[in-house]
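One structure is given here, and the rest of the page talks about it.
On a predicted model such as this, the values are computed, not experimentally measured, just so you know. Computation of the quantities below employed the complete heavy-atom set of this structure, encompassing side-chain atoms and omitting hydrogens, waters and symmetry-equivalent molecules.
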Amino acid sequence: GYQRMNIHNLFPIPVGFFDLGRDLTEAELAFIEGQETRSNTGNRTSTNNNILETAEFADLKQFMNESLQAYFKATTNPKHNADLRMTQSWLNYTQQGQFHHKHAHPNSFISGVFYAKTNPDDRIYFYRSGWQQIKLPAEDFNPYNSESWWFEAVTGRLILFPSSLEHMVPNVQGSDTRISLSFNTFPMGTIDDEMELTGLKVGV
């Protein structure tokens with residue numbers, strides 16, 4: 001007889017969301033808004049590319065690192081003594097009409113973006129990788145048939161994702177400067193399995 005359809009989400013791409021749960025302090029905002037910047041593709045970025053190592057970001061870094069470790073455990077769940085270390089971190093300043101070009105993050109395992117200041121309609125777009133040999137027009141879009149998917153950019157929210165996942169920001173519509181903090185990571189410790197001939201130890 002007829003059986004109901006059952007679809008499994010096989011090999012999904014994990015995109016994690018973590019909320020700070022408080023407003024940024026006046027001191028934190030003043031520090032963020034007072035950074036020196038340089039020109040980037042479509043926007044501006046801080047000249048300090050290790051911004052999370054500053055004393056002013058100590059509390060925010062702790063929140064981001066705790067979120068990162070929880071995401072790493074839930075998604076990668078390493079067998080051996082492996083950890084994720086934040087590498088570079090920087091601030092992005094995107095004014096009305098500016099954008100972030102479509103890109104991914106090389107030399108990184110998991111990347112993060114934290115929103116320090118946003119407009120009501122700010123978004124981040126993620127893109128499916130790979131070439132579609134056959135492409136049929138869809139009546140309605142869903143995670144199976146979409147080439148891209150967007151999430152709202154919310155002040156105080158951290159989004160974590162695999163660094164290979166392409167993403168972009170369309171032209172900012174709001175009048176406020178959109179400010180985000182991005183960072184990359186790299187696994188440290190025993191990240192191999194010698195019995196499978198993938199022996200590799202990093203930083204040990």
Side-chain angles (χ1 to χ4, degrees), residues 11-22 24-25 27-28 31-32 35-38 40-41 43-93 100-116 124 126-127 129 151 153-169 179-204:
F11 312 130
I13 298 173
V15 179
F17 298 82
F18 301 83
D19 289 316
L20 179 61
R22 67 168 176 83
L24 295 180
T25 66
E28 287 170 337
F31 177 73
I32 290 169
Q35 290 297 306
E36 292 185 7
T37 65
R38 61 178 175 83
N40 193 21
T41 304
N43 60 3
R44 298 191 68 81
T45 187
S46 61
T47 55
N48 185 341
N49 56 22
N50 288 291
I51 200 73
L52 282 176
E53 302 308 313
T54 59
E56 290 84 354
F57 265 112
D59 189 68
L60 290 173
K61 181 182 179 181
Q62 181 178 351
F63 157 71
M64 294 180 205
N65 195 50
E66 289 176 356
S67 302
L68 177 66
Q69 301 311 324
Y71 172 96
F72 184 50
K73 174 68 175 176
T75 59
T76 305
N77 194 23
K79 176 181 177 181
H80 300 299
N81 183 26
D83 197 5
L84 276 186
R85 180 176 300 176
M86 291 181 176
T87 52
Q88 290 192 300
S89 54
W90 62 96
L91 288 161
N92 306 290
Y93 303 84
H100 295 211
H101 69 290
K102 183 178 174 182
H103 67 285
H105 291 210
N107 294 338
S108 178
F109 184 61
I110 292 167
S111 293
V113 56
F114 173 79
Y115 297 103
I124 182 171
F126 292 98
Y127 289 85
S129 64
F151 296 104
V154 178
T155 299
R157 178 167 294 170
L158 170 66
I159 302 180
L160 298 174
F161 52 91
S163 300
S164 58
L165 186 59
E166 286 193 308
H167 52 285
M168 64 86 74
V169 175
I179 305 177
S180 61
L181 184 151
S182 298
F183 63 84
N184 288 328
T185 66
F186 204 81
M188 303 294 291
T190 303
I191 63 175
D192 65 328
D193 195 329
E194 293 188 0
M195 295 303 293
E196 294 185 7
L197 303 179
T198 58
L200 177 64
K201 291 178 174 61
V202 180
V204 294

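Side-chain atoms of L60 and L24, non-hydrogen and from C-beta on, do get closer than 4.5 Å to each other. Side-chain atoms of L158 and F183, non-hydrogen and from C-beta on, do get closer than 4.5 Å to each other. No side-chain heavy atom of M86 sits under 4.5 Å from any side-chain heavy atom of N184. The closest side-chain heavy-atom distance from I51 to Q35 is below 4.5 Å. S182 places none of its side-chain heavy atoms less than 4.5 Å from the side chain of S111. Considering only heavy atoms from C-beta on, F151 comes within 4.5 Å of V15 through its side chain. In this structure the side chain of M64 reaches within 4.5 angstrom of the side chain of L181, judged on heavy atoms.
H167 and F126 have tilted rings, their planes meeting at an angle from 30° to 60° on a 0 to 90° scale. Aromatic ring orientation, F114 versus F63: perpendicular (interplanar angle above 60°, classes split at 30° and 60°).
Other residues, nucleotides and ligands contribute more than 12 heavy atoms inside 6.0 Å of the CG atom of D19. Environment of CZ in R85: sparse, with no more than 12 heavy atoms of neighbouring residues, nucleotides or ligands closer than 6.0 Å.
Closest of all the heavy-atom pairs between F109 and P187 is CB-CD, 3.7 Å. Nearest heavy-atom pair across E166 and A104 is CG-CB, 4.2 Å. Summarising the geometry of N48 relative to N50, their closest heavy-atom pair is OD1-N, 2.8 Å, with the distance given to 0.1 Å. The nearest pair of heavy atoms linking A116 to T155 is O-CG2, 3.5 Å.
If you take CD on E53 and OG on S89, they are separated by 6.0 Å, rounding to the nearest 0.5 Å. If you take CD on Q88 and CG on N107, they are separated by 9.5 Å, rounding to the nearest 0.5 Å. The distance from atom CD1 of I124 to atom CZ of R157, rounded to the nearest 0.5 Å, is 12.0 Å. Atom-to-atom distance recorded for T190:OG1 and M188:CE is 11.0 Å, nearest 0.5 angstrom. Atom CD1 of residue I191 and atom CG of residue D83 lie 12.0 Å apart, to the nearest 0.5 angstrom.
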Can you list the steps and then say if I32 with F57 is a side-chain contact (heavy atoms from CB on, under 4.5 Å)? CA-CA 9 Å; I32 290 169; F57 265 112; 3.6 Å; yes
Carefully, step by step, assess S180 and N92 under the rule side chain to side chain donor-acceptor pair (under 3.5 Å). CA-CA 5 Å; S180 61; N92 306 290; 3.2 Å; yes
Going through the distances and angles, do H100 and N43 end up as a side chain to side chain donor-acceptor pair (under 3.5 Å)? CA-CA 7 Å; H100 295 211; N43 60 3; 2.8 Å; yes
Could you go through the side-chain contact (heavy atoms from CB on, under 4.5 Å) check for L160 and F18 one step at a time? CA-CA 8 Å; L160 298 174; F18 301 83; 3.5 Å; yes
Could you go through the side-chain contact (heavy atoms from CB on, under 4.5 Å) check for T41 and H103 one step at a time? CA-CA 11 Å; T41 304; H103 67 285; over 6 Å; no
Walk me through whether N77 and F72 qualify under side-chain contact (heavy atoms from CB on, under 4.5 Å). CA-CA 6 Å; N77 194 23; F72 184 50; over 6 Å; no
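The main-chain N or O of P78 is never found under 3.5 Å from a side-chain atom of T76 such that the two would form a donor-acceptor pair. The closest donor-acceptor contact from the side chain of T185 to the backbone of I110 lies under 3.5 Å. The backbone N or O of P106 sits nowhere less than 3.5 Å from a side-chain atom of S163 that would complete a donor-acceptor pair. Judged by distance alone, with hydrogens and angles left aside, the side-chain atoms of T45 form a donor-acceptor pair with the main-chain N or O of L91 at under 3.5 Å. Remark: side-chain polar atoms of Q62 are not paired, donor with acceptor, to backbone N or O of A58 under 3.5 angstrom. Side chain of Y127 to main chain of K102: no donor-acceptor pair is present (N/O by atom type, distance under 3.5 Å, no hydrogens or angles).
Ion pairing of E28 with R22 is present here, as a side-chain N (NZ or NE/NH1/NH2) and a carboxylate O approach within less than 4.0 Å.
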